[in-house]
*Asks:* 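Sharing a structure, written as structure tokens. Questions coming.
Heavy atoms only: backbone and side chains are in, while hydrogens, waters and symmetry mates are out.
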Amino acid sequence: MFDIGGAEVLIVFLLMYAVAALALYWIIRLGVRHGTLDAYRIDRGDQRIARMKDADARPQP
């Protein structure tokens with residue numbers, strides 16, 4: 001069917017694995033980025049709530 005040698009087969013498989021590894025890297029990278037952005041957003045919300053509770057708990061002069 002195809003008359004290719006061992007070196008060509010090796011190159012094709014290495015390229016396929018490289019593309020698959022790159023795709024997996026980007027999927028993991030996007031997931032981590034999404035998670036850190038969510039954590040920052042939740043943290044900012046928690047800090048805002050804590051400031052509001054602290055302001056309510058202080059005695060008014």
Side-chain angles (χ1 to χ4, degrees):
M1 189 156 137
F2 294 109
D3 188 22
I4 59 175
E8 289 87 4
V9 170
L10 182 63
I11 290 171
V12 168
F13 279 116
L14 285 176
L15 285 174
M16 285 177 21
Y17 282 123
V19 169
L22 184 66
L24 184 63
Y25 166 78
W26 275 102
I27 290 170
I28 291 171
R29 184 175 184 263
L30 288 175
V32 168
R33 182 172 183 255
H34 231 52
T36 55
L37 290 176
D38 285 345
Y40 289 144
R41 184 174 53 242
I42 290 169
D43 188 42
R44 282 195 313 261
D46 290 345
Q47 288 175 1
R48 189 185 72 237
I49 291 169
R51 282 193 304 267
M52 289 173 25
K53 285 183 179 179
D54 187 40
D56 290 342
R58 274 193 229 140
Q60 299 296 327

*Asks:* What residues join L15 in its hydrophobic cluster, counting side-chain heavy atom gaps under 4.5 Å, either direct or through other members?
*Replies:* I11
*Asks:* Please give the remaining members of the hydrophobic cluster of L10, linking ILVMFWY side chains under 4.5 Å, ordered by chain and number.
*Replies:*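 Under the 4.5 Å side-chain rule, L10 groups with L14.
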*Asks:* Return the set of residues passing side-chain contact (heavy atoms from CB on, under 4.5 Å) with V12 (not counting sequence neighbours), or none when no residue passes.
*Replies:* M16
*Asks:* By the rule that ILVMFWY residues connect when side-chain heavy atoms come within less than 4.5 angstrom, directly or transitively, which residues belong alongside V19?
*Replies:* none
*Asks:* Could you work out the complete set of other residues in the hydrophobic cluster of I28, with links drawn between I, L, V, M, F, W and Y side chains under 4.5 Å apart?
*Replies:*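 I28 clusters with L24, V32.
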*Asks:* Pairs in or reaching into residues 26-42: which pass side-chain hydrogen bond (donor to acceptor under 3.5 Å, both in side chains), with residues at least two apart or in two chains?
*Replies:* D38-R41
